[in-house]
Amino acid sequence: MFTGIVEELGTLTTRTDGPDSSVIEIAATTVTADVRHGDSIAVDGVCLTVVEHGPGRFTADVMAETLARSTLGRLTAGDPVNLERAMRADARFGGHIVQGHVDATTTVLSREPGERWDVVTLALPLQLRRYVVLKGSVTLDGVSLTVSARTPDTFAVSLIPTTLELTTLGRRGPGEEVNVEVDVLAKYVESMLTEGVVPAGTQEGSR
């Protein structure tokens, strides 16, 4: 479980592709300070498991499903990546509940620079439209953000200076792809309503 508060920018140093998976090595300092085998680290919003580690580096296996569903399949040596360690139970919860399970990728349509922030507009994938709401939470490349505008086909987020400086979103231009994870709470509510666990229109205590 993560919060969507990126801890540092790492760098993909090597990528070894196999028939149905890849092994990636990432250089980083903050997230490797206390890393252990089996730890979870979100890489551009994708939850990966640490396989090997050493001073300032760690490796992880990336399965075919992940390569196909996320932008990790297009990373090459030298690319920067957003990194976050799994959240601690005794720490402040600064973002929102992020699983590190990417729902889809989407494309940056435009950027509008402001005095101190950028407004980024992205295409809204059809299968995610019911989960993306104005002022709701969304995760882009592992960054917890608030939806600042919404149309039937697009949504926008506003990037503050810290996000522009400390994450890869500061350099994503029109035509580039990003990973999207919607708020899991919306998916749980939908599942309970559609599966009949909580009949629509029924409130606890009304019987």
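This structure is a prediction, so every number in the text was calculated from the model and none was measured.
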Novice: Ignoring hydrogens and angles, state whether a donor on the side chain of Asp61 or Ser21 is under 3.5 Å from an acceptor on the partner side chain.
Specialist: no
Novice: Got a salt bridge between Arg172 and Asp141, using NZ or NE/NH1/NH2 to carboxylate O under 4.0 Å?
Specialist: yes
Novice: Can a side-chain donor-acceptor contact be found between Asn82 and Thr167 if the only test is distance below 3.5 angstrom?
Specialist: no
Novice: Is a side-chain N or O of Glu181 found less than 3.5 angstrom from the main chain of Gln99, in a donor-acceptor match?
Specialist: yes
Novice: Any side-chain to backbone donor/acceptor pair from Arg111 onto Pro174? Under 3.5 Å, distance only.
Specialist: no
Novice: The test is side-chain contact (heavy atoms from CB on, under 4.5 Å); show your working for Leu75 and Ile24 and say whether it passes.
Specialist: CA-CA 9 Å; Leu75 288 178; Ile24 61 173; 5.5 Å; no
Novice: Which of these, Val132, Val157, Leu109, sits in a side chain to side chain contact (heavy atoms under 4.5 Å, CB included) with Leu122?
Specialist: Val157
Novice: Do the side-chain N and O atoms of Thr107 and Glu177 include a donor-acceptor pair separated by under 3.5 angstrom?
Specialist: no
Novice: For the residue pair Thr139 and His96, confirm or rule out a side-chain donor-acceptor distance under 3.5 Å.
Specialist: yes
Novice: Test your reading of the model: is there a side-chain donor-acceptor pair from Asp17 to the backbone of Ser22, 3.5 Å cut-off?
Specialist: no
Novice: With Glu25, which of Thr11, Thr16, Thr13 fulfils side chain to side chain donor-acceptor pair (under 3.5 Å)?
Specialist: Thr13
Novice: What are the two closest heavy atoms between Gly56 and Thr32, and how far apart are they?
Specialist: CA-OG1, 3.7 Å
Novice: Treating Arg150 as the side-chain partner and Arg129 as the backbone partner, does any N or O pair qualify as donor plus acceptor under 3.5 Å?
Specialist: yes
Novice: Indicate yes or no for a side-chain donor-acceptor contact from Ser148 to the backbone of Ala156 under 3.5 Å, with no hydrogens or angles considered.
Specialist: yes
Novice: Determine, for Asp34 against Arg85, whether the closest basic-nitrogen to carboxylate-oxygen distance falls under 4.0 angstrom.
Specialist: yes
Novice: Between Glu176 (side chain) and Gly173 (backbone), is there a donor-acceptor pair under 3.5 Å?
Specialist: yes
Novice: Could you go step by step and tell me if Thr76 and Arg15 meet the side-chain contact (heavy atoms from CB on, under 4.5 Å) rule?
Specialist: CA-CA 7 Å; Thr76 59; Arg15 171 177 167 172; 5.6 Å; no
